Chemist: 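Got a structure for you, written out below as structure tokens; questions coming shortly.
Only a predicted model underlies this, so the values are computations on that prediction, with no experimental measurement involved.
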Amino acid sequence: MLGYFDLVVSFLGLIGLAVFFWRQIGPGSGRKLGNRIAAHIGIPRSVFYALLEYGVKGSPRELLLSLEKSKLGLDEASVELGPSLSRGIERLESRFGPQEMYDKAKPIVARLVAESERKV
């Protein structure tokens, strides 16, 4: 009886893990749009997601999902993310100091922020 219980718990744990990863990187996670935006603006994915993680108030995943649902083009979505990416640079540099990978992203993010401010 105990062996059966352990098997069921293990199986449920695996299902839970699969659901977690599916929600994080599967369809509808916003990850596809994030990858496309990162490539479009010329920032490596790892840097893009780090900036987004530190720059967004709330969940970066939810922000990407809302942009995906709004059906914005890559240019418009990139401009929408500009201020968040800028906050991400500021927060990461204040925490870890200047980093070459963030220095390379600064001009790109500054351009997005400038475009965002022009829209307002």
Side-chain angles (χ1 to χ4, degrees):
M1 182 69 178
L2 186 60
Y4 178 73
F5 180 74
D6 291 340
L7 182 67
V8 170
V9 169
S10 297
F11 182 71
L12 290 176
L14 287 174
I15 289 176
L17 205 59
V19 168
F20 171 78
F21 282 114
W22 182 262
R23 290 186 51 102
Q24 293 298 314
I25 59 175
S29 67
R31 192 104 176 143
K32 183 177 179 181
L33 177 64
N35 292 344
R36 290 177 52 217
I37 291 172
H40 179 72
I41 62 177
I43 296 178
R45 289 180 189 174
S46 59
V47 174
F48 175 80
Y49 285 112
L51 297 179
L52 209 55
E53 185 72 36
Y54 276 83
V56 171
K57 295 173 185 164
S59 168
R61 183 176 158 267
E62 289 177 11
L63 176 60
L64 288 172
L65 280 172
S66 71
L67 289 174
E68 195 170 51
K69 288 178 184 175
S70 68
K71 306 266 192 232
L72 292 175
L74 289 177
D75 287 328
E76 294 88 4
S78 301
V79 170
E80 288 289 322
L81 292 176
S84 297
L85 295 172
S86 180
R87 275 191 305 275
I89 289 174
E90 292 171 10
R91 290 178 181 161
L92 283 167
E93 285 189 334
S94 70
R95 184 169 184 175
F96 302 110
Q99 304 279 325
E100 182 183 348
M101 61 185 156
Y102 305 135
D103 287 340
K104 290 179 181 179
K106 281 181 184 179
I108 298 166
V109 172
R111 179 183 53 82
L112 294 173
V113 169
E115 289 180 33
S116 173
E117 290 171 352
R118 268 193 297 248
K119 286 178 69 175
V120 174

Chemist: Please evaluate residues Asp75 and His40 with respect to the criterion side-chain contact (heavy atoms from CB on, under 4.5 Å), reporting the C-alpha separation (whole Å), side-chain torsions for both, the decisive distance (0.1 Å), and the verdict.
Modeler: CA-CA 8 Å; Asp75 287 328; His40 179 72; 2.5 Å; yes

Chemist: OG/Ser78 to CZ/Phe48 distance, rounded to the nearest 0.5 angstrom?
Modeler: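 Separation between the atoms: 7.5 Å.
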
Chemist: Might you confirm whether atom CZ of Arg91 has over 12 heavy atoms from other residues, nucleotides or ligands at distances under 6.0 Å?
Modeler: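 Counting other residues, nucleotides and ligands, CZ of Arg91 exceeds 12 neighbours.
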
Chemist: What pairs with Lys106 under side chain to side chain contact (heavy atoms under 4.5 Å, CB included), at least two apart in sequence or on another chain?
Modeler: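 With sequence neighbours excluded, Lys106 shows a side chain to side chain contact (heavy atoms under 4.5 Å, CB included) to Ile89, Glu93, Asp103, given in chain and number order.
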
Chemist: For the CD atom of Glu76 and the OG atom of Ser116, what is their distance to the nearest 0.5 Å?
Modeler: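 The CD atom of Glu76 sits 12.5 Å away from the OG atom of Ser116.
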
Chemist: Provide the closest heavy-atom pair for Arg87 versus Gly55 in the form atom of the first, atom of the second, distance.
Modeler: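 Scanning both residues, the minimum pair turns out to be NE-O, 3.0 Å.
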
Chemist: Enter the distance from Leu92:CG to Gln99:CD here, rounded to the nearest 0.5 Å.
Modeler: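 Result: 8.5 Å between the selected atoms.
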
Chemist: Can you tell me how far apart CZ (Arg31) and CD (Glu68) are? Round to the nearest 0.5 Å.
Modeler: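 Answer for the CZ-CD pair, Arg31 versus Glu68, is 12.5 Å.
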
Chemist: Going by the side chain to side chain contact (heavy atoms under 4.5 Å, CB included) test, name the single residue among Val109, Leu51, Leu81 that passes it with Ser86.
Modeler: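 Of the listed options, the one satisfying the test is Val109.
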
Chemist: Check the pair Leu64 / Tyr49 against side-chain contact (heavy atoms from CB on, under 4.5 Å), numbers first and verdict last.
Modeler: CA-CA 11 Å; Leu64 288 172; Tyr49 285 112; 4.0 Å; yes

Chemist: What distance separates Leu74 CG from Leu33 CG, expressed to the nearest 0.5 Å?
Modeler: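 Interatomic distance, Leu74 CG to Leu33 CG, rounded to 0.5 Å: 7.0 Å.
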
Chemist: Within the side chain of Tyr102, is there an N or O that forms a donor-acceptor pair under 3.5 Å with the backbone of Glu90?
Modeler: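 It does not hold such a pair.
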
Chemist: So which atom in Ala105 and which in Ile43 form the shortest heavy-atom distance, rounded to 0.1 Å?
Modeler: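 What the structure gives for the nearest pair is CB-CD1, 4.0 Å.
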
Chemist: Roughly how far, to the nearest 0.5 Å, is OG of Ser84 from OH of Tyr54?
Modeler: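 Those atoms lie 15.5 Å apart.
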
Chemist: Could I get the full list of salt bridge (charged side-chain N to carboxylate O under 4.0 Å, His left out) partners for Arg111, not counting sequence neighbours?
Modeler: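 Arg111: salt bridge (charged side-chain N to carboxylate O under 4.0 Å, His left out) contacts with Glu115.
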
